[in-house]
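Computation of the quantities below employed the complete heavy-atom set of this structure, encompassing side-chain atoms and omitting hydrogens, waters and symmetry-equivalent molecules.
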Amino acid sequence: MLFQKAMKIEGDTDTYELHPNVKAYALKDVGFQVSNAGNYTLERSVDPTSPYNKNQMLKITIAKDLSGFKMATTNASGNRRVNIFKGAHAEGNVEQYHFILQNLMDREILQKK
């Protein structure tokens with residue numbers, strides 16, 4: 001998948017885009033890691049009971065030049081996309097997902113479109 005200006009997770013009603021004031025140091029402050037290609041990646045568990053339980057993950061990759069990003073919710077291994085808005089644990093997972101995204105919006109990394 002190519003980097004895009006705006007992304008929407010399957011099942012979510014909101015579309016997100018990079019904040020115009022996003023800075024590389026802010027990405028590192030919230031836990032983004034720099035990949036071998038120079039892009040910034042963040043992986044967070046959406047399990048509300050433990051951040052170490054990686055059944056379902058939110059993965060965000062931001063281009064090294066901060067021009068676009070990719071965002072997906074996946075299974076633990078990252079090879080299959082999942083819809084966290086459906087299933088037995090949806091309420092808690094969605095709450096944690098929104099908490100993570102709210103932190104990124106507060107830090108001027110993402111914004112709602």
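- The neighbour count for Q102 CD, taken as heavy atoms of other residues, nucleotides or ligands under 6.0 Å away, is above 12.
- I60 and L27 fall within the same hydrophobic cluster, where Ile, Leu, Val, Met, Phe, Trp and Tyr residues are linked whenever their side-chain heavy atoms come under 4.5 Å apart, directly or through other members.
- Atom NE2 of H89 sits in a sparse spot, with 12 or fewer heavy atoms from other residues, nucleotides or ligands closer than 6.0 Å.
- For the pair P48/E95, no side-chain contact is recorded, criterion being any heavy-atom separation below 4.5 Å from C-beta on.
- Both tests pass for K70 against the ring of F3: distance under 6.0 Å to the centre and angle within 45° of the axis.
- A side-chain N or O of S77 and one of N79 form a donor-acceptor pair less than 3.5 Å apart.
- Annotation: side chain of Y40 is not in contact with side chain of V22 (no heavy-atom distance under 4.5 Å).
- The closest donor-acceptor contact from the side chain of N39 to the backbone of T61 lies at 3.5 Å or more, if one exists at all.
- Contact annotation: the side chain of E10 never approaches that of F85 to less than 4.5 Å [non-hydrogen atoms, C-beta and beyond].
- A side-chain donor-acceptor contact under 3.5 Å links K5 to the backbone of S67.
- Of the listed residues (Q111, M7, K8, M71), just one forms a side chain to side chain contact (heavy atoms under 4.5 Å, CB included) with Y16, and that residue is M71.
- The minimum heavy-atom distance linking K113 with A6 is given by the pair CD-CB, 4.0 Å.
- Side chains of N83 and K86 form a contact here, defined as non-hydrogen atoms less than 4.5 Å apart.
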Q.
side-chain contact (heavy atoms from CB on, under 4.5 Å) for R107 and D29? Distances and angles first, verdict last.
A. CA-CA 9 Å; R107 303 270 187 138; D29 284 349; 4.0 Å; yes
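- You'll find the side chain of H19 stays beyond 4.5 Å of the side chain of L110, heavy atoms only.
- Between the N93 side chain and the I84 main chain, no donor and acceptor come within less than 3.5 Å of each other.
- Of all the heavy atoms in N75 and M57, the pair that sits closest is O-CG, 4.0 Å.
- Enclosure of atom CD in E108 by more than 12 non-hydrogen atoms of other residues, nucleotides or ligands within 6.0 angstrom is indicated.
- Two residues are said to be in side-chain contact when any heavy atoms from C-beta on lie closer than 4.5 Å; R44 and L42 meet this criterion.
- The two residues K64 and G38 come nearest to each other via the heavy atoms CB-O, 2.9 Å.
- V34 is connected to L66 through a chain of hydrophobic side-chain contacts under 4.5 Å among Ile, Leu, Val, Met, Phe, Trp and Tyr, so both are in one cluster.
- L101 has its side chain within reach of L104: a pair of non-hydrogen atoms, C-beta onward, lies under 4.5 Å apart.
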